[in-house]
Amino acid sequence: MSESLRKRLLDIYGRLYSRYGPQYWWPGDGAFEVIIGAILTQAASWDNVDKALANLKAKWLLEPVALRAVDQDELANVIRTSIYFNAKAQKVKAFVQHLGEHYNDDLRALLGKDTHNLRQELLSIYGIGNETADDIVLYAAHKPIFVIDAYTRRILGRLSINPTRDTYDSYQAIFMENLSHDVSLFNEYHALLDRHGSETCRKVKPTCAECCLLDLCPTGARNVMSV
Ligand code: SF4
């Protein structure tokens, strides 16, 4: 652990929290809905995922038995708004198949595993990668793991907080090795980074002059100077 990095990460968190307030993540009615939302949100905006979840609910499909029974093409059509809907229908099917085969649909038994084993098992299911697995571990199982996504990578890069290697695990280690493993902190921190990345530290034309992290940020200082 680096004490200076720990302080820096907590300073960033405090500023983001003061700026945006609590984010109340993850939106979803129960762990199963959180998991399906985590699968559907890959490369999709939350608004479009929300529409797909509403469609699933309207057709009484947001539960494991119904999702196993429904035809895959029909499922793809129901979740159409979430883009890559054919691939995502296959991924949703793979998850509910796993849940039925190994846990008789007892989601609590799956989510009750320890963090490492749960994460490894999720990664073994077709279509679940690092970010989706960690979304599920943190927001459905409420276990302490830090979720890394494109917003997090971008913000850290602009703040010159660089991992040892350009890999998911290395970015994750920045948080896991320097912050206490606190579910509430990890929940809120990831949500705040996403809010900041979508509203202020945008990919194109970040609004650095209004950013609460400006005095910590070499990229922001350059951007403001060049205006
Ligand atoms: S100052 Fe600009 S580049 Fe730096 S974190 Fe803020 S918005 Fe992003």
Side-chain angles (χ1 to χ4, degrees), residues 1-28 34 37-38 40-50 82-84 129-139 144-227:
M1 181 201 278
S2 153
E3 185 58 22
S4 65
L5 182 51
R6 188 183 79 83
K7 283 187 176 155
R8 206 168 159 203
L9 291 172
L10 289 174
D11 184 18
I12 292 165
Y13 173 76
R15 290 171 183 230
L16 293 175
Y17 191 87
S18 296
R19 169 69 181 81
Y20 300 109
Q23 300 300 296
Y24 304 109
W25 274 33
W26 181 289
V34 169
L40 297 183
T41 202
Q42 296 169 15
S45 72
W46 184 257
D47 281 351
N48 287 331
V49 173
D50 211 24
S82 68
I83 75 166
Y84 305 123
N130 285 316
E131 185 184 337
T132 307
D134 289 339
D135 280 337
I136 294 170
V137 172
L138 180 61
Y139 291 106
I145 196 91
F146 206 95
V147 181
I148 300 300
D149 63 5
Y151 290 129
T152 309
R153 288 171 185 252
R154 181 164 76 228
I155 294 166
L156 289 187
R158 287 175 173 173
L159 288 165
S160 289
I161 299 176
N162 297 309
T164 49
R165 289 181 299 139
D166 185 17
T167 63
Y168 186 96
D169 290 349
S170 294
Y171 275 96
Q172 189 173 55
I174 290 172
F175 297 93
M176 297 300 289
E177 291 177 3
N178 293 291
L179 295 175
S180 56
H181 290 188
D182 178 327
V183 173
S184 300
L185 173 66
F186 286 179
N187 175 323
E188 199 64 56
Y189 206 153
H190 174 66
L192 286 165
L193 286 168
D194 273 25
R195 176 88 181 263
H196 190 62
S198 63
E199 278 188 20
T200 306
C201 194
R202 298 187 300 251
K203 189 172 183 181
V204 179
K205 294 188 179 170
T207 50
C208 299
E210 298 155 20
C211 178
C212 60
L213 306 178
L214 177 59
D215 61 307
L216 306 175
C217 182
T219 311
R222 283 195 298 276
N223 288 349
V224 169
M225 288 277 286
S226 67
V227 173

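Each ligand, and each atom within it, is numbered from 1 in the order the structure gives.
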**Prompt:** Going by the angle between their ring planes, with limits at 30° and 60°, are His190 and Tyr139 parallel, tilted or perpendicular?
**Reply:** tilted

Distance-only polar pair, side chains of Asn187 and Ser184, donor-acceptor under 3.5 Å | no

Quick one: side chains of residues 8-16, donor-acceptor pairs under 3.5 Å with protein atoms, not counting sequence neighbours, listed by atom name and distance.
residue : atom : partner : partner atom : Å
Arg8    : NH2  : Leu159  : O            : 2.7
Asp11   : OD1  : Arg15   : NE           : 3.1
Arg15   : NH1  : Cys212  : O            : 2.9
Arg15   : NH1  : Asp215  : OD1          : 2.6
Arg15   : NH2  : Asp215  : OD2          : 3.2

Return the set of residues passing salt bridge (Lys or Arg N to Asp or Glu O under 4.0 Å) with Glu210 (not counting sequence neighbours), or none when no residue passes.
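Result, salt bridge (Lys or Arg N to Asp or Glu O under 4.0 Å) vs Glu210: none returned.
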
Please tabulate, for the side chains in residues 219-227, all donor-acceptor contacts under 3.5 angstrom to protein atoms that are two or more places apart in sequence or on a different chain.
residue : atom : partner : partner atom : Å
Thr219  : OG1  : Arg158  : O            : 2.6
Ser226  : OG   : Arg222  : O            : 3.4
Ser226  : OG   : Asn223  : O            : 2.9

### Distance criterion under 2.8 Å: protein N/O/S atoms around atom 2 (Fe) of ligand 1
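Protein N, O or S neighbours of atom 2 (Fe) of ligand 1 under 2.8 Å, waters not counted, come to 1.
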
With a 4.5 Å cut-off on side-chain heavy atoms, are Ile83 and Gln42 touching? no

